[in-house]
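Worksheet for the structure shown next.
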Amino acid sequence: MTRRKQIYEGKAKVLFEGPEPGTLVQYFKDDATAFNNQKKGTITGKGVLNNRISEYLMLRLAEIGVPTHFVRRLNMREQLVKQVQIIPVEVVIRNVIAGSLAKRFGLEEGGALPRSIVEYYYKKDELGDPMVSEEHITAFGWASTQDLDDIMQLSLRVNDFLTGLFLGIGIRLIDFKLEFGRLYEGDEMRIVLADEISPDNCRLWDLKTNEKLDKDRFRRDLGKVEEAYQEVARRLGLLNEGASNDVRTPQVVK
Ligand code: UDP
């Protein structure tokens, strides 16, 4: 089989040229990295699960009017996406104190924040993704004030929607990271949600037990990493054998 031309290889995904101009194929690997590449490993089956989970969440978001780069899933590990110009800013949205926020301010993990916090990080591995402010982003020309306005509005909408969606399946959405891109259609430019939404870039805690169902199991050597990703997919209703591709319902947790 002739392989498509590879455009880019990241830590967890590979991008190939798509079948038509303006599209890309996003391939999900099982590779996992943490602490800016210092910790490396494999989570068996992660690529397959993240492909499904991200497909599901992007489709649900598109249904409520959030523009995304997602077109359709092609197979177990690949999805077709629209080619966008990625804005080099990682947007982190936090609902509960955890991770670097806890560390930076000496706070205990698990406390609910009185309001959601949105943070920006410059997407640059060599520099360890430093935190930046709107001032840096606009001054360095990574995004305009208007772009940032769109990004903030979309991020908060995604947060509200996903918080509710996960609550319905007994999961607390603690924090997550989003990436956005510019989609050019004729003379028009739109900011759209890009990359992926999966347990690789979300913190997901079981509502009752606070058990971690995300990449922290790998980062912190908590074990049962594969099982955690599977559990998220299962609760989203994505592991039902024989279920139709389109009609999937999240499992209500009693
Ligand atoms: N995150 C991510 N990629 C990064 C950094 C963070 O996907 O390069 C996600 C991470 O999974 C978590 C949220 O963003 O859900 C907040 O991460 P935090 O700043 O606490 O950093 P961490 O503790 O992961 O170093």
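Index from 1, following the sequence. Order of appearance sets the numbers: ligands from 1, and atoms from 1 within every ligand.
- Side-chain polar atoms of Thr44 and Asp30 form no donor-acceptor pair below 3.5 angstrom.
- Remark: of the listed residues Lys82, Met58, Gln79, Lys82 is the sole one forming a side-chain contact (heavy atoms from CB on, under 4.5 Å) with Val71.
- Both tests pass for Arg60 against the ring of Tyr56: distance under 6.0 Å to the centre and angle within 45° of the axis.
- The side chain to side chain donor-acceptor pair (under 3.5 Å) search around Thr33 returns none, not counting sequence neighbours.
- Phe16 does not carry Lys5 over the face of its six-membered ring by the limits of under 6.0 Å from the centre and within 45° of the normal.
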Which pairs of nitrogen or oxygen atoms, taken one from ligand 1 and one from the protein, are under 3.5 angstrom apart?
{"from": "ligand 1", "atom 1": "8 (O)", "to": "Glu90", "atom 2": "OE1", "distance (Å)": "3.2"}
{"from": "ligand 1", "atom 1": "11 (O)", "to": "Arg219", "atom 2": "NH2", "distance (Å)": "2.9"}
{"from": "ligand 1", "atom 1": "15 (O)", "to": "Asp175", "atom 2": "OD1", "distance (Å)": "2.6"}
{"from": "ligand 1", "atom 1": "15 (O)", "to": "Arg203", "atom 2": "N", "distance (Å)": "3.4"}
{"from": "ligand 1", "atom 1": "19 (O)", "to": "Arg94", "atom 2": "NH2", "distance (Å)": "2.7"}
{"from": "ligand 1", "atom 1": "19 (O)", "to": "Ser100", "atom 2": "OG", "distance (Å)": "2.6"}
{"from": "ligand 1", "atom 1": "20 (O)", "to": "Arg94", "atom 2": "NH1", "distance (Å)": "3.4"}
{"from": "ligand 1", "atom 1": "20 (O)", "to": "Arg94", "atom 2": "NH2", "distance (Å)": "3.4"}
{"from": "ligand 1", "atom 1": "20 (O)", "to": "Ser100", "atom 2": "N", "distance (Å)": "2.8"}
{"from": "ligand 1", "atom 1": "20 (O)", "to": "Ser100", "atom 2": "OG", "distance (Å)": "3.3"}
{"from": "ligand 1", "atom 1": "20 (O)", "to": "Arg203", "atom 2": "NH1", "distance (Å)": "3.0"}
{"from": "ligand 1", "atom 1": "23 (O)", "to": "Ser100", "atom 2": "N", "distance (Å)": "3.3"}
{"from": "ligand 1", "atom 1": "23 (O)", "to": "Arg203", "atom 2": "NH2", "distance (Å)": "2.8"}
{"from": "ligand 1", "atom 1": "24 (O)", "to": "Arg203", "atom 2": "NH2", "distance (Å)": "3.4"}

Let's go through Glu78 and Arg4 carefully: what are the C-alpha distance in whole Å and the side-chain angles of both, what is the deciding distance for side chain to side chain contact (heavy atoms under 4.5 Å, CB included) to 0.1 Å, and is it a yes or a no?
CA-CA 12 Å; Glu78 293 179 329; Arg4 290 162 289 231; 2.7 Å; yes
